[in-house]
Amino acid sequence: MLKKRIIPTLLYKELGLVKGSKFNSWRRVGPVLPAIKVYNAREVDELIFLDIDSTNNNSEIDYQTIEEFSKFCFVPLTIGGGINNLTQVKKLFEIGADKISVNSSSYENPKLIEDVANEFGSQSIVASIDAKKIDGKWVCFSNSGTKIRNIDPIKWSKTLQNLGAGEVLINSIEKDGTMD
């Protein structure tokens, strides 16, 4: 029997953690560090931290904030949001990330997945896919669910795996933040 792993996702937007529904209606829920301390105490298997604003704002990753809170994270930490080159990936690993997650930039530059896998190993790259059903058919989205990609998520996940992604994180836009 496969082991079930508990992997909370922390969504970061405008200097704090947020909670939303269906990739919308964001409300602030607090700072990052207390959440990490709670998850450490609850002995989760790993954490995913996603800056959901950086891609759409073309903003640089907040390395200082990530470095500060990564010192207090005692489980594997995956960082995502606004990552689009190998230099950023190297820096994230230097400041405490165990893995990186890439979504939007994988559509524009699929070679990034391959480059990260070749440089750091497939276990270091998590390919993220945001998907939604449109007219009865699942399709991929990027840019925090704002840009339709008209690609089948299963086909895209296989492409990302073939490029070297060690894990695939699939997010249902329709189910995000709901109990469905």
Side-chain angles (χ1 to χ4, degrees), residues 1-57 59-84 88-106 116 120-132 141-146 157 160 165-180:
M1 182 174 196
L2 293 175
K3 180 184 187 262
K4 293 182 182 176
R5 298 186 311 150
I6 306 298
I7 308 172
T9 301
L10 304 173
L11 302 177
Y12 183 79
K13 181 181 173 97
E14 299 172 3
L15 304 174
L17 296 179
V18 295
K19 178 82 173 136
S21 178
K22 301 180 181 182
F23 283 38
N24 203 347
S25 303
W26 303 109
R27 68 184 190 284
R28 187 172 159 85
V29 294
V32 177
L33 191 53
I36 287 176
K37 289 180 178 181
V38 165
Y39 288 126
N40 280 334
R42 292 187 178 167
E43 299 179 350
V44 299
D45 295 297
E46 57 185 279
L47 280 173
I48 299 174
F49 173 89
L50 302 175
D51 183 337
I52 59 173
D53 256 357
S54 59
T55 297
N56 290 338
N57 293 339
S59 59
E60 186 64 26
I61 298 164
D62 186 350
Y63 297 107
Q64 182 178 350
T65 298
I66 292 169
E67 184 172 24
E68 288 172 12
F69 71 69
S70 70
K71 293 175 186 174
F72 297 93
C73 186
F74 304 119
V75 297
L77 178 63
T78 301
I79 303 290
I83 300 169
N84 52 38
Q88 292 172 317
V89 172
K90 287 178 184 178
K91 178 72 174 169
L92 288 168
F93 287 139
E94 288 170 4
I95 63 172
D98 296 290
K99 303 178 201 176
I100 59 106
S101 176
V102 176
N103 183 334
S104 299
S105 63
S106 66
V116 172
F120 301 102
S122 290
Q123 81 289 344
S124 67
I125 180 82
V126 178
S128 179
I129 298 173
D130 297 334
K132 182 178 179 180
F141 282 75
S142 65
N143 300 76
S144 296
T146 61
S157 70
L160 294 168
E167 296 179 35
V168 177
L169 170 65
I170 300 179
N171 307 294
S172 169
I173 295 172
E174 296 169 314
K175 305 275 184 186
D176 176 65
T178 69
M179 296 300 284
D180 292 342

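Position 1 is the first residue of the sequence; numbering continues from there.
- In the model, Ser59 has no side-chain atom that pairs as donor or acceptor with a side-chain atom of Asp53 under 3.5 Å.
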With side-chain contact (heavy atoms from CB on, under 4.5 Å) as the criterion, how do Phe141 and Asn103 come out once you've worked through the C-alpha distance, each side chain's angles and the decisive distance to 0.1 Å? CA-CA 9 Å; Phe141 282 75; Asn103 183 334; over 6 Å; no
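- Listed by chain and residue number, Glu46, Glu167 satisfy the side chain to side chain donor-acceptor pair (under 3.5 Å) test with Lys99 (two or more places apart in sequence, or in another chain).
- Rounding to the nearest 0.5 angstrom, the gap separating the CG atom in Leu92 from the CD atom in Glu94 is 9.0 Å.
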Take Ile83 and Val116, measure what side-chain contact (heavy atoms from CB on, under 4.5 Å) needs, and give me the verdict at the end. CA-CA 11 Å; Ile83 300 169; Val116 172; over 6 Å; no
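- The structure places OH of Tyr39 at 6.0 Å from CG of Leu10, a figure rounded to the nearest 0.5 Å.
- Between the Asp130 side chain and the Ser142 main chain, no donor and acceptor come within less than 3.5 Å of each other.
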Throw together a table of side-chain donor-acceptor distances under 3.5 angstrom for residues 68-80, partners on residues two or more places apart or in other chains.
residue	atom	partner	partner atom	Å
Glu68	OE2	Gln64	NE2	3.2
Ser70	OG	Ile66	O	3.2
Ser70	OG	Glu67	O	3.1
Ser70	OG	Ile95	O	2.7

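- No side-chain heavy atom of Leu160 sits under 4.5 Å from any side-chain heavy atom of Val102.
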Could you give me the CA-CA distance, side-chain angles and deciding distance for Asp62 and Tyr12, then say whether side-chain contact (heavy atoms from CB on, under 4.5 Å) is met? CA-CA 11 Å; Asp62 186 350; Tyr12 183 79; 4.0 Å; yes
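- The closest side-chain heavy-atom distance from Ile100 to Ile125 is below 4.5 Å.
- Atoms CG and CG, from Asn143 and Asn57 in turn, are 10.5 Å apart once rounded to the nearest 0.5 Å.
- Distance check, rounded to the nearest 0.5 Å: OG of Ser157 to CG of Leu169 gives 12.0 Å.
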Please evaluate residues Ile52 and Val18 with respect to the criterion side-chain contact (heavy atoms from CB on, under 4.5 Å), reporting the C-alpha separation (whole Å), side-chain torsions for both, the decisive distance (0.1 Å), and the verdict. CA-CA 10 Å; Ile52 59 173; Val18 295; 3.9 Å; yes
